[in-house]
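In what follows, a single structure is set out as structure tokens and then discussed.
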Amino acid sequence: MSEAVENVISSAIVKSFSQKLVDNLTLDVAIVGGGPSAMVAARYLAEAGVKVAVFERKLAPGGGTWGGGMLFNEVVVQDSAIEILDKFNIRHTEIADAKGYHTLDSVEMAAALIYGAVHAGAKIFNSVSVEDIVFKAGAINGLVINWTPVERLGMHVDPLTVIAKAVIDGTGHPSEIIKLATDKAMIQINTPSGKIMGERPMWVESGENSTVENTIEYYPGLFACGMSANNCSGGYRMGPIFGGMLLSGRKVAELVIAKLKK
Ligand code: 48F
């Protein structure tokens with residue numbers, strides 16, 4: 001090796017990352033946010049042969065999974081979503097006096113969801129913030145992205161773009177992408193008011209069901225999953241129970257796959 005090993009390493013990283021980014025500038029599906037619902041969606045989409053990438057603002061994908069309930073790093077999942085946990089090889093223990101509900105280690109869950117999505121073929125771009133949508137002639141065409149440190153430091157640096165046939169808002173409680181679409185593109189979304197209805201207070205059973213029900217196409221080519229969907233349609237919050245998130249991720253993948261087939 002004539003070149004210094006330091007340069008071999010640097011050059012390999014720059015080339016390999018650049019290739020990965022170039023390969024993912026045109027996608028079937030762009031997912032914003034790397035929370036639990038998004039990771040499940042990414043895996044199901046990738047397994048169906050869909051070209052999908054996730055753009056996550058933070059250094060570590062996983063969203064609200066890591067911290068469990070109030071930093072006690074355990075979460076709860078109910079029977080209806082156990083087959084998704086099993087698919088990702090996430091271990092769980094049924095609660096002795098609450099049949100149908102299981103506890104599991106939130107760090108194991110976050111790690112397994114990320115691993116499962118990546119190994120199925122989804123690409124994750126971490127430390128990348130989505131700051132806008134590409135909106136042409138009334139249609140959602142993709143995302144406007146920039147490095148999170150650029151966003152955080154308020155640096156005056158122009159972004160790059162990613163083109164996609166479908167966009168999934170998996171940004172959690174704030175529904176950042178749908179908010180951008182309603183505020184800046186001034187579109188009416190698929191809710192009774194045509195606007196984001198806003199998340200309601202805690203009601204576990206209702207929130208768990210509505211998270212899945214509210215996982216819909218909000219505008220042609222623009223879907224929401226997880227807490228973003230609940231915020232859009234005015235569902236209740238549910239705290240550290242995650243079955244609804246997992247089922248929402250699977251549902252949004254099914255909806256997008258059906259749409260892409262049309
Ligand atoms: O909120 P989050 O974990 O998404 P989720 O799949 O799951 C919600 C649960 O974690 C929990 C809950 C369950 O009972 O209520 O809160 O709905 O993760 C959302 C991710 O999106 C990222 C953010 O950093 C987080 O990791 N995110 C948000 N806005 C952007 C973004 C953006 N503009 N660009 C990139 N990533």
Side-chain angles (χ1 to χ4, degrees), residues 30-44 53-71 73-78 81 84 101 104 106-107 109-110 113-114 117 124-133 142-152 159-162 164 167-181 183-184 199-212 214-215 223-233 235-253:
I31 304 182
V32 189
S37 60
M39 287 296 136
V40 171
R43 175 163 179 181
Y44 279 94
V54 176
F55 299 89
E56 166 54 51
R57 174 177 280 142
K58 293 184 183 149
L59 186 56
T65 315
W66 299 99
M70 214 180 98
L71 289 183
N73 67 358
E74 292 277 320
V75 293
V76 168
V77 166
Q78 60 277 47
I84 302 179
Y101 291 90
L104 49 135
S106 65
V107 174
M109 175 157 122
L113 291 178
I114 297 165
I124 300 181
F125 292 92
N126 56 337
S127 302
V128 172
S129 290
V130 176
E131 61 172 55
D132 211 339
I133 51 171
L143 304 174
V144 179
I145 59 170
N146 214 328
W147 296 115
T148 298
V150 167
E151 178 193 65
R152 293 254 162 102
L160 295 175
T161 48
V162 171
V167 168
I168 299 174
D169 182 333
T171 63
H173 298 262
S175 310
E176 284 194 29
I177 305 308
I178 305 234
K179 184 155 178 13
L180 277 168
D183 288 357
K184 289 187 71 178
E199 183 183 295
R200 301 170 82 184
M202 175 96 71
W203 177 2
V204 171
E205 300 93 320
S206 174
E208 280 296 284
N209 293 331
S210 67
T211 300
V212 186
N214 295 335
T215 299
F223 299 77
C225 61
M227 282 316 295
S228 172
N230 239 8
N231 181 50
C232 285
S233 291
Y236 287 85
R237 66 183 304 192
M238 75 297 293
I241 177 164
F242 276 74
M245 296 301 131
L246 306 178
L247 293 165
S248 166
R250 185 173 70 184
K251 180 178 173 187
V252 81

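Both counts, for ligands and for their atoms, begin at 1 and track the order of listing. Bear in mind the structure is a predicted one, so any value in this text is a computation, not a measurement.
With ligand atoms numbered from 1 in the order given, ligand 1 contributes 17 (O) to contacts under 4.0 Å with heavy atoms of Gly226. Of all the atoms in ligand 1, the ones that sit under 4.0 Å from a non-hydrogen atom of Gly172 are 1 (O), 4 (O), 17 (O), 19 (C). Every atom of ligand 1 with a heavy atom of Ser37 under 4.0 Å away is listed here by number and element: 5 (P), 6 (O), 17 (O). Atoms of ligand 1 lying under 4.0 Å from any heavy atom of Phe55, numbered from 1 in the order shown and given with element: 35 (C), 36 (N). Heavy-atom proximity to Val128, at under 4.0 Å, picks out these atoms of ligand 1: 35 (C).
Side-chain polar atoms of Asn73 and Ser106 form no donor-acceptor pair below 3.5 angstrom.
Residues Met39 and Ile124 have side chains in contact (heavy-atom distance under 4.5 Å, counting atoms from C-beta outward).
For the pair Asn126 (side chain) and Leu59 (backbone), a donor-acceptor distance under 3.5 Å is present. For the pair Asn214 (side chain) and Ser233 (backbone), a donor-acceptor distance under 3.5 Å is absent. The backbone N or O of Gly249 sits nowhere less than 3.5 Å from a side-chain atom of Ser37 that would complete a donor-acceptor pair. Judged purely by atom type and a 3.5 angstrom limit, Thr211 has no side-chain atom pairing as donor or acceptor with the backbone of Met245. Put simply, the side chain of Thr171 gets close to the backbone of Glu176: a donor and an acceptor are under 3.5 Å apart.
Contacts with ligand 1 closer than 4.0 Å are made by side-chain heavy atoms of Phe242 only, the backbone lying farther away. For Val32, every heavy-atom contact with ligand 1 shorter than 4.0 Å involves the side chain, none the backbone.
For atom 21 (O) of ligand 1, the nearest non-hydrogen atom of the protein is Gly33 CA, 3.2 Å. Nearest protein heavy-atom neighbour of atom 14 (O) of ligand 1: Gly239 O, 2.3 Å. The shortest contact between atom 28 (C) of ligand 1 and any protein heavy atom is with Thr171 CB, 3.5 Å. Of all protein heavy atoms, the one closest to atom 19 (C) of ligand 1 is Gly170 O, 3.4 Å.
An N or O contact shorter than 3.5 Å links Glu56 to ligand 1 by distance. At under 3.5 Å, a nitrogen or oxygen of Met227, whether backbone or side chain, sits near a nitrogen or oxygen of ligand 1. Annotation: Gly64 places an N or O atom under 3.5 Å from an N or O atom of ligand 1; distance criterion only. At least one N or O atom of Val130 sits closer than 3.5 Å to an N or O atom of ligand 1.
Heavy atoms only, all atoms of each residue included: Pro159 and Val144 are closest at CG-CG1, 3.3 Å. For the residue pair Asn230 and Gly207, the shortest heavy atom distance occurs at ND2-O, 3.6 Å.
Between Phe125 and Phe55, the angle of the ring planes stays under 30°, which puts this pair in the parallel group of the 30/60° scheme.
Evaluated by nearest non-hydrogen atom to atom 16 (O) of ligand 1, the leading choice among Lys58, Arg57, Met238, His173 is His173.
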